[in-house]
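Note sheet for the following structure.
When a ligand or atom number is given, it counts from 1 through the structure's own listing order. These numbers come from the heavy atoms of this one structure, side chains and all, not from hydrogens, waters or symmetry mates. The first residue in the sequence is number 1, and the count goes up from there.
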Amino acid sequence: MALSEKLVDLSPFDEGKVYYTNSGSEANDTMVKMLWMLHRRNGQPQRRKIITRWNAYHGVTVVTASMTGKAYNEEFGLPLPGFLHTDCPHYWRYGQDGESEAEFVQRLARNLEELIIKEGPDTIAGMFAEPVQGAGGVIPPAEGYFEAIRPILRKYGIPLIADEVICGFGRTGDMWGSVKYNMEPDAIVASKCITAGYFPMGAIILGKELSDEMIRVSEEAEEFPHGFTAGGNPLGSAIALKSLEVIEDEGLLENVNKVSPRFMERLNKLGEHKYAGEARGVGLMGAVELVADKETKEPLPGDLQVSERIANKALEKGLICRPLGAAIVLGPPFISTEEDIDQIFDILEETMEEVFADVGL
Ligand SMILES: *Cc1c(COP(=O)(O)O)cnc(C)c1O
């Protein structure tokens with residue numbers, strides 16, 4: 001109860017309700033069931049399709065792996081039917097020759113509307129999107145992206161759910177990535193930072209409209225027939241309350257904004273390297289994408305496993321970074337100082353030179 005009040009209070013919603021799970025996957029999965037139940041009870045049982053984007057990461061359950069836009073889920077014969085993927089808003093990678101960022105965004109908005117019309121607007125249950133695609137390689141949206149797609153979803157009565165499992169609680173320099181990027185979501189899915197990673201917990205924060213509707217249909221049905229045994233665990237709730245208190249009272253969000261300029265400066269400088277195709281980030285999340293050729297964006301030969309080698313070697317030197325495809329991903333703690341940031345990039349730069357030399361680049 002105290003945690004739910006806190007979460008609604010921190011959220012962009014004036015009023016709302018919270019539902020607890022044990023993970024981000026379970027929270028996204030539960031959100032899909034909520035939408036399916038709502039639409040059925042509202043006389044639209046055909047509204048079942050879920051739209052997400054290529055490169056998105058929403059989890060590992062059967063439904064959330066279907067929502068995830070990654071080729072590896074073909075291993076499982078996923079996605080399930082009815083899980084639709086639209087464009088990834090990564091201008092550097094998917095912008096066409098001569099296309100401006102604004103034109104790129106307009107093209108993606110048109111493609112989304114065409115997909116909705118082709119599938120039938122009244123068959124779409126909702127769209128889920130990460131404010132910044134995290135496991136896709138830290139991909140902030142192209143400028144104006146959410147502003148362009150939001151009216152289209154409203155026009156067809158399609159709820160927008162912000163998957164804030166990575167962005168939530170300060171990672172982007174705002175409490176919510178959805179606020180930073182003007183998503184205006186109908187609900188927020190949170191996990192990871194909710195307990196600072198110290199306890200498995202996920203939460204759905206429904207905005208006023210969806211919570212009113214969920215309460216109404218659950219009363220009609222006598223209950224929302226869904227629940228995890230350990231959902232809302234008191235130990236997890238206590239840890240979450242404490243970690244949110246630390247974020248608020250110890251000025252962690254302020255610190256993210258204080259050191260982020262140094263982080264971005266060093267990241268952008270790394271982006272000038274001849275094997276760096278793009279450096280991108282926001283707040284305290286960033287990635288540098290390695291290429292063989294800056295102009296053509298041709299990737300480095302995959303068999304060299306350069307990003308994996310860099311991550312392994314950096315770990316030996318005490319730096320944890322994550323190789324995601326050809327990208328090296330950084331997500332320093334919210335308590336990092338400018339000295340920590342410098343140390344991170346000093347180690348990374350040194351490691352990269354060693355690895356490039358090792359593989360004969
Ligand atoms: C990690 C992640 C999830 C899945 O959370 P789990 O707790 O691993 O199930 C979902 N969405 C996003 C954006 C994530 O980064």
Side-chain angles (χ1 to χ4, degrees), residues 18-35 50-70 72-73 76 78-79 83 85 88-90 126-141 145-146 160-172 174-181 183 185 187-205 228-233 236-237 239-240 243 281-287 320-325 327 329-334:
V18 183
Y19 190 92
Y20 296 102
T21 67
N22 309 298
S23 69
S25 300
E26 289 176 358
N28 279 320
D29 205 300
T30 301
M31 187 69 234
V32 170
K33 285 178 77 178
M34 284 185 180
L35 292 172
I50 301 288
I51 300 178
T52 55
R53 285 105 36 95
W54 291 113
N55 253 322
Y57 184 79
H58 296 294
V60 293
T61 61
V62 174
V63 154
T64 56
S66 295
M67 292 161 68
T68 291
K70 296 279 198 176
Y72 57 68
N73 281 312
F76 310 106
L78 296 174
F83 288 83
H85 295 92
C88 166
H90 189 189
M127 177 165 177
F128 286 64
E130 298 157 87
V132 177
Q133 291 191 329
V138 185
I139 301 166
Y145 171 76
F146 284 111
L160 175 62
I161 314 303
D163 181 347
E164 295 257 16
V165 171
I166 284 188
C167 295
F169 309 109
R171 180 56 65 191
T172 64
D174 206 306
M175 187 55 77
W176 306 102
S178 54
V179 172
K180 178 135 207 147
Y181 294 107
M183 271 178 88
I188 284 175
V189 169
S191 184
K192 297 195 172 114
C193 274
I194 195 170
T195 53
Y198 287 102
F199 196 87
M201 181 170 229
I204 297 168
I205 312 171
F228 298 96
T229 302
N233 180 291
S237 303
I239 295 172
S243 93
V282 62
L284 279 182
M285 62 196 301
I320 300 172
C321 52
R322 183 170 178 201
L324 277 173
V329 168
L330 295 168
F334 294 177

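Here Ile166 contributes atom CD1 and Lys192 contributes atom NZ; the two are 4.5 Å apart, rounded to the nearest 0.5 Å. Rounding to the nearest 0.5 Å gives a distance of 6.0 Å between CD1 of Ile50 and CE of Met67.
Checking only distances, Glu26 never comes within under 3.5 Å of ligand 1, N or O to N or O. Distances between N or O atoms of Asp163 and those of ligand 1 include at least one value under 3.5 Å. Annotation: Ile166 places no N or O atom under 3.5 Å from an N or O atom of ligand 1; distance criterion only.
Residues passing the ring pair (Phe, Tyr, Trp, His ring centres under 6.0 Å) test with Tyr19, sequence neighbours excluded: Phe224, His226. For Ile194, the side chain to side chain contact (heavy atoms under 4.5 Å, CB included) test picks out Leu7, Phe169, Met201, Ala203, Ala240, with sequence neighbours left out.
Every atom of ligand 1 is numbered from 1 in the order shown, and the set under 4.0 Å from a heavy atom of Ser25 is 4 (C), 5 (O), 6 (P), 9 (O). Atoms of ligand 1 found under 4.0 Å from any heavy atom of Ser23, numbered from 1 in the order shown, are 7 (O), 9 (O). If you number the atoms of ligand 1 from 1 as listed, the ones under 4.0 Å from a heavy atom of Glu130 come out as 13 (C).
From the protein, the heavy atom lying nearest to atom 7 (O) of ligand 1 is Gly24 N, 2.9 Å. Of the protein's non-hydrogen atoms, Lys192 NZ, 2.6 Å is the one closest to atom 15 (O) of ligand 1.
Note on ring orientation: taking the six-membered ring where Trp is involved, the planes of Phe146 and Tyr181 are tilted (angle from 30° to 60°).
Within the 4.5 Å cutoff, the side chain of Met127 has heavy atoms near those of the Arg53 side chain.
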